[in-house]
Structure formats: structure tokens, C-alpha cells
Amino acid sequence: MRAGQKIKEILKTSPTGQLVTVMGWVRTFRNNQFIALNDGSTNNNLQIVVDFAATPEITLKRITTGAALRATGTLIASLGKGQTVELKADTIEIVGDSDPEKYPLQPKKHSLEFLREIAHLRFRTNTFGAVFRLRNSLAFAVHTFFNERGFVYMHTPIITSSDAEGAGEMFRVTNLDITNPPKDSEGQIDYKQDFFGKSTNLTVSGQLEGELAAMAFSDIYTFGPTFRAENSNTARHLAEFWMIEPEMAFCDIHDNMNLAEEMLQYLIAHVLQNNKEDLEFLSNRLEEEEKQKPQNERSELSLLHKLQFCLDNKFERVTYSQAIEILRESNHNKKKKFQYLVDKWGVDLQSEHERYLVEKHFKKPVILIDYPKEIKSFYMRQNEDGKTVAAMDILFPGIGEIVGGSQREERLDKLELRMKEMGIPAEDLSWYLDTRRFGSCPHAGFGLGFERLVLFVTGMTNIRDVIPFPRTPKNCEF
Ligand code: ATP
Ligand code: MN
């Protein structure tokens with residue numbers, strides 16, 4: 001079957017009359033003569049010229065939008081505009097028919113909402129072709145980045161019994177009969193009879209296990225699926241998303257920030273270099289979309305400029321306390337334009353505040369550090385002031401939080417005390433505390449939400465459009 005060539009490669013060659021075979025799906029068929037064929041290797045179609053006088057009527061009828069076909073012929077210079085080469089077909093074989101009356105994708109512009117409903121077919125559009133090739137490229141670059149720096153890729157468990165992380169609501173994993181679960185003597189569901197002999201969940205983060213590995217390999221990273229049953233129906237939250245979590249031993253919050261910044265810039269530089277065509281397509285797409293908006297809501301930078309901007313500017317490092325001051329003194333706050341007004345130190349920042357800091361005040365990516373300990377997790381390292389912890393969030397324009405991380409509390413006594421204050425039973429995490437008992441050392445790490453990165457890089461606005469099959473509240477199709 002194979003022995004064909006990718007259209008992306010063919011479009012790069014010079015036409016010397018060589019014989020080639022291609023396979024792909026018909027995007028359009030004009031004048032019973034010109035097929036635009038796409039095989040997903042690029043958004044650019046290969047034009048196939050059909051000799052309609054020599055082609056049986058019945059074959060011509062079957063060349064419809066969506067049909068799969070294989071064509072063999074000679075590669076010649078194209079006279080038409082928009083391409084340098086085209087294929088003069090000798091044979092055309094219909095591999096799979098597509099009824100044009102029923103095929104949901106017509107050669108016209110469809111809304112993203114409509115395409116979300118037919119996510120099984122949306123890969124065949126230019127927009128999603130570009131988005132998912134970029135997603136692939138970014139995933140590949142994540143592994144390259146860490147491997148070049150000697151990090152060990154660690155697979156942390158997906159099913160877990162640790163429920164102390166507190167990062168979000170969890171999905172329970174069970175094979176008990178939910179209509180008639182076994183009960184214990186107190187009338188509670190008896191998880192001792194469950195598959196694992198205890199209550200288990202899908203992981204909300206691989207961090208705690210990642211820390212265990214970092215205490216042996218020095219530098220590790222995870223890259224895997226993460227699950228949160230948070231009922232927040234936003235354009236930035238999924239119930240199933242992919243997270244990248246590096247963890248480094250002998251590393252403080254500043255090394256951590258530097259690594260995160262270096263990684264983000266590396267990933268952006270990688271796609272600017274390797275995915276220019278798809279980025280240009282998405283940049284143009286976004287510009288068209290911006291034109292629909294009122295002048296004052298349009299973004300000042302094109303997608304390509306925005307990405308370049310992130311490479312040319314060092315991320316601004318700001319403490320939580322400084323951020324609160326900026327927000328409190330802002331005209332936005334004084335004119336009550338925030339939904340949640342910023343009045344006192346200690347409040348958690350809402351995404352409107354994060355976006356104000358990034359988009360209006362600093363106008364570049366911002367790293368916020370030293371958050372109040374009350375609004376952060378138990379494992380974050382306590383600062384000398386007794387009020388804040390060495391946490392860091394990286395905020396991106398249009399996205400808000402893209403990375404969340406911290407230096408971890410490596411001092412056993414301080415960690416145990418904080419757990420007690422927060423009501424986290426030490427018995428449940430004795431394995432975690434062991435790292436602080438045996439060869440503890442300063443260490444730090446962060447989590448990058450992969451889809452938030454893909455959102456930023458592609459300029460898409462809804463996180464449902466950058467993962468192939470999104471899982472969100474009341475939605476689990478495919
Ligand atoms: P947010 O405040 O945006 O909900 P968070 O504080 O819950 O984020 P963390 O627990 O620090 O986030 O998770 C690390 C990273 O994972 C975040 O910076 C973000 O990029 C990503 N992330 C978190 N929750 C989701 C989600 N539901 N869907 C997609 N990505 C997410
Ligand atoms: Mn969250």
C-alpha cells in the first residue's frame with residue numbers, strides 16, 4: 001500500500017518530470033480537472049491535474065470532498081498560482097469514497113464550535129491541521145529540552161492513593177458495584193473491598209512522586225496526563241490535561257524560575273524555527289478574527305510578533321506583595337473595573353488580576369513569587385518572614401497562569417508542622433517524609449500545563465481546541 005511520498009516533501013522538490021505516488025484526502029475538486037489533495041503533512045495541498053477525457057466518468061464522480069485516493073503521475077511545473085509544482089496524473093485510484101451529500105465538512109469556513117462537535121473530523125481542516133502539528137512539535141521539543149540537560153524522564157502513576165496534594169477535586173477510581181457498594185460496620189463504603197484494598201483516585205499531579213525520583217537522579221521530569229474534577233467551565237480548564245513537571249535537587253526558587261523561563265523560550269524558539277508555515281497560517285487566521293472585534297479590543301501584536309516578543313524580553317520577576325500594591329493602586333481597581341476588587345494583602349489573585357499585570361501593567365510575561373502561605377500548598381518552602389512561601393507562578397498574556405511551581409520545604413520539622421496546621425495526616429505521607437529524613441536537600445520544581453502552552457503558541461482562545469478530544473464538565477464524546 002505505502003511507497004508514496006509525503007506532500008510536504010513533494011512541494012519542496014523541483015519538477016523534473018519524475019514519477020511520484022501520493023495518497024491523501026480530497027479537499028476540493030474543480031472543473032472535473034483539478035484536485036486539491038491533502039495528506040496532513042502540511043496545510044498546503046498538492047494540485048493533481050486529471051485528464052478528464054481519459055478518465056472514466058464513474059471515477060470522476062467519485063472524486064469528492066473527503067474521499068481518500070491514491071494518485072500516480074509525473075511532477076511538473078505548475079502554471080497556476082499558489083503552487084510551483086503539480087502532479088499530472090496517470091492513474092487515480094479511489095481508496096475510500098465520501099458521500100458529498102453526507103460529509104459534514106464542506107469547503108467553506110466552519111465555526112470552531114461546530115467543529116468541536118465533529119472533533120473526529122476536524123483534524124482534516126487547515127486550522128486543526130496546524131494546531132495539532134504544532135502540539136506534536138512542542139511535545140517533541142519538551143523531551144529534547146530536558147534530555148539535552150540530563151534530566152531523566154520519569155513515569156509517575158496515574159492511579160494513586162495519595163489524596164493529600166490538594167491541587168483540585170479528584171476522580172475516584174473504583175470497581176465496586178456503585179449501585180450496591182459494600183459497607184463497613186459504621187455504614188460507610190468499605191474500600192477495603194475495593195480493587196486496591198483502599199480508596200484510589202486519578203492523579204492531579206505527579207509532583208510528590210517526582211520529588212522521590214529527584215532525590216536519586218538529581219534532575220527528573222514527568223510528562224503525562226493529569227485529571228481534575230473541577231467544575232470550572234472556563235476556556236482554560238480541562239478535566240483531563242497533560243502536564244510537564246520537572247523536579248530538581250540542589251536547586252532553589254531562583255534556579256527554578258530560570259529553568260522555567262529558559263524552557264518556555266526554548267519551546268517557542270523551536271516552533272518559530274521548525275513550524276513557520278503553520279504559525280504563519282494561524283497568525284493570519286488570528287488577524288482575520290481580530291478584524292471582527294472593535295478596535296480597542298484588538299491585540300496590538302500578531303501571533304508571530306507575540307511569540308518573538310517572548311524570546312526578546314526577560315520575564316519580569318515580581319513578588320506577590322508588589323503585585324498587590326500595583327493592583328490596589330491601579331486605576332482599574334479604583335474605578336471598580338475588576339469583578340473582584342483588590343483591597344488587602346493575602347487574597348488569592350483572580351485571572352482578571354493576573355491578566356491586568358501581564359497585559360496592561362508590565363506588558364510581558366511575569367513571574368510572581370513569594371505568595372502568602374495560606375493560599376498555597378503544604379509542601380512549599382516557608383520564607384524567613386513567616387508569612388510567605390517560595391512559590392512561583394508564571395503568567396502569560398492572554399492565558400494567565402501557565403506555570404505553577406515552588407521550592408519545596410526540605411526541613412522535616414517545618415514540613416511536619418505545616419502539615420499538622422493544615423490537617424494533613426503524617427501517616428498518609430510517611431513515604432514522602434522519608435525523603436526529608438534520609439539525605440534531604442533543597443529542591444524545587446514546577447508544573448507546566450501543556451495545553452496552556454499550546455494555546456499560547458497557536459493563538460487559539462479555547463483550550464478545547466488544542467487537545468484532540470477535550471474532556472470538560474458534561475462532555476466526554478469520542
Ligand atoms: P489555575 O489557577 O489556572 O486553575 P492551578 O493553580 O490549579 O491553575 P497548578 O495546580 O499549579 O494550577 O497546576 C500547574 C499547571 O497546570 C498550571 O499552571 C496550568 O498551566 C495547568 N493547569 C491546572 N489546572 C488545569 C486544568 N484544569 N486544565 C488545564 N491545565 C491546567
Ligand atoms: Mn486550578
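Indexing begins at 1, ligand by ligand and atom by atom, following the structure's order. Position 1 is the first residue of the sequence; numbering continues from there.
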Does at least one non-hydrogen atom of E451 fall below 4.0 angstrom from an atom of ligand 1?
-> no
Would you say L238 and ligand 1 have an N/O pair spaced under 3.5 Å apart?
-> yes
Taking the inter-plane angle between the rings of H120 and F478 on a 0 to 90° scale, is it parallel (under 30°), tilted (30 to 60°) or perpendicular (over 60°)?
-> tilted
Option of least heavy-atom distance to atom 9 (P) of ligand 1 (set: M243, R228, R236) | R228
Contact atoms of ligand 1, heavy-atom distance to V403 under 4.0 Å = 18 (O)
Number the atoms of ligand 1 from 1 as they appear, then name those within less than 4.0 Å of a heavy atom of G449, with their elements.
-> 15 (C), 16 (O), 20 (O), 21 (C)
Sequence-distant partners of Q292, side-chain hydrogen bond (donor to acceptor under 3.5 Å, both in side chains), two or more places apart | none
How does H237 reach ligand 1, by side chain, by backbone, by both or by neither, if only non-hydrogen atoms under 4.0 Å count?
-> both
Considering distance alone, does some N or O of L448 sit under 3.5 Å from an N or O of ligand 1?
-> no
Contacts table for residues 415-422: side-chain donor-acceptor under 3.5 angstrom, sequence neighbours left out:
unit_1, atom_1, unit_2, atom_2, d
R418, NH1, E421, OE1, 2.5
R418, NH2, K373, O, 3.4

D393 and ligand 1 - part of the residue with a heavy-atom distance under 4.0 Å = neither
Aromatic Y371 / basic K376 pairing, under 6.0 angstrom, 45° off normal | yes
Could you tell me whether Y221 and H143 have their ring centroids closer than 6.0 angstrom?
-> yes
Could you state the interatomic distance from CZ (R228) to CE (M243), rounded to the nearest 0.5 Å?
-> 5.0 Å
